[in-house]
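So the structure is just underneath, and the comments pick up after that.
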Amino acid sequence: MKKQRLLWILNHDTLSKFELPLIRDLGFEIFTPKIAPKNILERSGSVTYEYDATLTIPNHELELLNQYNFYENEQMPFIIKNIINTHFDIALVMFDFYALKNLIDNFEGQIFARAFGLFGNLNYLQITKDFYGENYFYNFEKVKDRFWFSECYDNISENESGIFKEKAIYMPLGLPDEFYSIENQWIGNVDEILFFCTRINYNNESKEVYDRFIKDFKGFDFIIAGNQPVKVEDKRVTGFLEREELNDLFKTRKVMYYHSTYPRHLHYHPLEAMIAGMPVIYLAGGLLSKLGGERQSGCCKDVNEARVKIKRILDGDQELIEMIKRDQNEILYKFSYEFNKKKWTENFLPIVKNYKKKHPINKTIAVFLPNVQNESHLLDYIELVDKLNSGIKPLNSNHQIILNFPAKKYAKGREIVNSLQYVMDTREYALKEITADEVKDSVSLMFRDEPLWFSKYILPVDYAQNYIECDYWLFFFDNIELPIAPIKPYGVLVENIGEKYYGNLSRTIISNLKNAYFILTFSEETKKNLVKFMGVYEENIIVIPFSEVQSRYELPNVKSDNVLIEMDATKHNDVIDYLGIIESYYKISKAEEKINIILNNCTAESYQEINNKIQESKYVEQRVSLFVDVPVREYDLLYAHAKIIIIPHNVRDITFKIAKATAYSKKIFINNFMFYKDMVDDENNCIIYKPFLSDKYVLFNILEEMNLESKRHKYNDIRKIVTSNKLTEIWRRLV
């Protein structure tokens with residue numbers, strides 16, 4: 001058969017030493033997790049790197065898998081989801097509810113949930129429903145065609161119903177070679193009963209087993225092995241033993257008593273004793289009695305019969321001893337490599353060999369644009385979305401993006417989309433505040449149960465389906481002041497951290513970034529800041545390289561003859577202060593070059609006051625021009641005419657502005673934030689960093705020191721930000 005790759009999400013030490021070699025011999029490449037929680041490692045868990053060598057996947061992707069915790073991460077990062085779905089067809093997972101949910105929610109291959117059996121009459125269906133709740137359990141039915149209840153003993157499913165009974169498959173477990181290091185080495189020269197009972201003073205059930213054994217075998221000599229986290233004041237209780245000390249017990253004690261009558265659960269220690277050749281006495285009704293053949297000389301109907309047989313063995317009844325040892329071979333065969341390979345070949349291989357993954361499901365991504373003040377940047381965003389749309393088509397021609405404009409920009413945005421003949425569905429959206437109870441109701445309708453930590457949330461609405469039909473939401477802005485409702489996996493475009501969040505970050509913004517399914521940004525420095533200061537998972541962040549930016553326009557053939565300052569009019573006092581600095585500059589220097597000021601987010605009242613300020617000064621009125629609501633072509637010409645461009649901090653869409661300036665080979669004065677250095681070529685001297693540009697008096701020094709001869713270099717424009725190949729690579733991770 002064709003070689004397939006398999007995820008083995010179990011991390012059980014003894015099981016790994018038998019099952020992983022078996023799976024390898026059956027022809028599979030294997031991945032095993034390298035991070036396991038403490039509670040698993042304390043209960044016979046382990047980690048192995050041995051099978052990494054079997055994997056023919058890129059090393060950097062294997063490294064990412066090795067860094068991921070399949071057991072404790074509530075939301076699988078999209079890059080991990082992409083790796084496992086690209087390279088793996090099968091997953092074997094223990095009934096760890098977090099690990100199992102992780103796979104059901106994210107893995108597209110076959111899932112085999114390994115069931116080792118439960119105590120008493122417990123069943124997996126009920127405990128699974130109790131843990132997940134009825135709403136989430138519906139997801140098991142959704143993956144029914146590729147989900148299997150992998151029972152380690154062929155009677156486990158007898159106590160099940162529903163999907164766990166219908167999809168049961170017998171995949172036995174075996175004993176590793178190290179168990180056979182004491183094969184047939186029993187000498188039985190110590191007249192004691194060997195009994196196992198762990199956690200006596202730690203677990204109520206274990207204490208009951210211990211007390212009952214002491215009572216039932218009063219008058220016999222015995223030794224009790226097993227780990228004891230809390231010390232037991234009984235010299236016959238050994239506590240933790242090294243492997244050699246444990247092996248010595250199996251070799252020297254006369255007989256073992258195994259107390260369990262659970263029909264679907266078994267410990268390893270009676271099997272180890274049988275391998276050594278020690279006679280094991282056990283009770284009818286337990287799993288040992290169901291694994292044995294017709295002859296079971298060691299099986300007893302009750303404790304009284306067990307006492308009789310143990311007394312005969314301690315007294316040296318060789319005939320009984322030999323009969324028990326002979327009959328035990330039937331039990332051990334069920335744990336042999338030969339038996340396991342036969343059953344896995346019969347039951348497991350035909351299923352995985354004949355299974356074919358479904359064709360990719362059509363995905364829809366709703367992209368929400370910000371309330372962009374500048375018409376040129378509205379076009380920038382639209383063209384970026386168009387490139388994203390082009391990027392997903394090679395994956396599946398039916399994938400689509402829905403482009404959503406805020407109400408104030410819908411008419412203009414739709415006009416641009418139509419004029420440029422983009423093939424995209426467009427809608428008008430609003431952000432609606434909803435309560436936690438409303439979120440809970442929406443989530444429950446999708447058979448999910450999400451933890452809700454806030455009383456109010458934000459939901460994007462179109463007053464139709466409210467984007468419930470979409471697979472992903474992508475917000476092209478990150479300054480949302482309420483938590484995004486956890487109804488759909490969402491992404492966020494983060495322009496930068498250093499400029500945008502010059503002040504303190506709100507708890508809500510940080511929460512939205514940390515809970516995002518993925519984040520897009522334009523620089524490696526911003527990615528580092530998101531990880532370092534926000535606690536965002538590194539692999540959730542995609543950097544769209546600034547070097548791939550391409551210009552939409554050719555450089556206009558115009559004369560560079562002025563200074564351009566672009567500011568946010570909402571910072572009204574800053575604008576007034578800047579005008580004062582400009583007036584002082586003209587008074588002292590008697591310079592003739594003109595200054596153009598673009599004001600974003602400017603109200604009519606603010607414009608009137610600022611314009612009056614300009615007209616009041618004889619030094620400023622003939623040299624400073626004010627621009628608001630600038631059309632696309634005029635905005636581009638303002639940049640083309642500028643000798644230098646000055647952009648104070650906290651101006652929105654600054655990445656687009658830098659891209660335009662570099663496309664026209666302009667020198668730019670901005671704050672000295674590291675993330676800008678990912679966006680420009682320092683060797684071409686197209687950008688100059690000035691610290692503390694937020695200090696308004698720096699403007700005076702810039703105007704005095706500016707170099708009037710700017711070099712002309714062709715740079716890329718942000719709107720054609722990524723090639724289709726790059727976007728295809730990015731979207732493959734998601735869809």
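When a residue number appears, it is its place in the shown sequence, counting from 1. Remember, predicted model here, so these are calculated numbers, not experimental data.
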So, [X] and [Y], do they make that salt bridge, N to O below 4.0 Å?
| X | Y | result |
| --- | --- | --- |
| Arg24 | Glu19 | no |
| Glu166 | Lys144 | yes |
| Arg5 | Glu29 | yes |
| Lys34 | Asp52 | yes |
| Lys342 | Glu346 | yes |

With a 4.5 Å limit on heavy-atom distance, are the side chains of [X] and [Y] in contact?
| X | Y | value |
| --- | --- | --- |
| Thr48 | Asp13 | no |
| Lys528 | Val531 | no |
| Leu266 | Leu288 | yes |
| Cys300 | Lys309 | yes |
| Met76 | Asp105 | no |
| Trp344 | Leu349 | no |
| Thr86 | Lys81 | no |
| Pro172 | Tyr153 | no |

Sequence-distant partners of Asp248, salt bridge (Lys or Arg N to Asp or Glu O under 4.0 Å), two or more places apart: none
Side-chain H-bond candidate by donor/acceptor type, Tyr337 with Asp25, under 3.5 Å: yes
Does [X] have its ring centroid less than 6.0 Å away from the ring centroid of [Y]?
| X | Y | answer |
| --- | --- | --- |
| Phe70 | Phe107 | no |
| Phe195 | Phe217 | no |
| Tyr258 | Tyr282 | no |

Ring geometry between Trp148 and Phe112 (parallel below 30°, tilted from 30 to 60°, perpendicular above 60°): parallel
Phe196 and Phe250 aromatic ring geometry - parallel, tilted or perpendicular at 30°/60° bounds: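 If you compare the ring of Phe250 with that of Phe196, the planes turn out parallel.
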Name of the residue among Tyr136, Phe95, Tyr98 meeting ring pair (Phe, Tyr, Trp, His ring centres under 6.0 Å) with Phe131: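 For Phe131, the ring pair (Phe, Tyr, Trp, His ring centres under 6.0 Å) check succeeds only for Tyr98.
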Single hit among Phe137, Tyr132, Tyr71 for ring pair (Phe, Tyr, Trp, His ring centres under 6.0 Å) with Phe97: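 So, applying the ring pair (Phe, Tyr, Trp, His ring centres under 6.0 Å) to Phe97 and each of Phe137, Tyr132, Tyr71, only Tyr132 qualifies.
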Trace of the side chain to side chain contact (heavy atoms under 4.5 Å, CB included) decision for Val237 with Gln228: CA-CA 9 Å; Val237 177; Gln228 306 299 337; 3.9 Å; yes
Roughly how far, to the nearest 0.5 Å, is the [atom2] atom of [Y] from the [atom1] atom of [X]?
| X | Y | atom1 | atom2 | answer |
| --- | --- | --- | --- | --- |
| Ser206 | Ile200 | OG | CD1 | 7.5 Å |
| Leu20 | Trp8 | CG | CH2 | 4.5 Å |
| Asn69 | Asn102 | CG | CG | 9.0 Å |
| Ile83 | Ile57 | CD1 | CD1 | 7.0 Å |
| Asp327 | Arg295 | CG | CZ | 5.0 Å |
| Leu65 | Phe31 | CG | CZ | 4.5 Å |

Atom CG of Asn354: over 12 foreign heavy atoms under 6.0 Å: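 Yes, enclosed.
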Over 12 non-hydrogen atoms of neighbours within 6.0 angstrom of NZ in Lys325: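 Correct, the count exceeds 12.
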Side chain to side chain donor-acceptor pair (under 3.5 Å) assessment of Asn59 paired with Glu63: CA-CA 6 Å; Asn59 287 335; Glu63 184 178 347; over 6 Å; no
Lys514/Ile519 under side chain to side chain contact (heavy atoms under 4.5 Å, CB included): CA gap, chis, key distance, verdict: CA-CA 9 Å; Lys514 292 183 72 171; Ile519 288 177; over 6 Å; no
Over-ring placement of Lys167 relative to Phe147, 6.0 Å and 45° cut-offs: no
Nearest heavy atoms of Val255 and Pro279, plus distance in Å: CG2-O, 3.5 Å
Show me the donor-acceptor pairs within less than 3.5 Å that the side chains of residues 175-187 make with the rest of the protein, sequence neighbours left out.
from, atom 1, to, atom 2, distance (Å)
Glu178, OE1, Lys17, NZ, 3.1
Glu178, OE2, Lys17, NZ, 3.4
Ser181, OG, Glu178, O, 2.9
Gln185, OE1, Lys251, NZ, 3.1
Gln185, NE2, Ser181, O, 2.8
Trp186, NE1, Arg253, O, 2.7

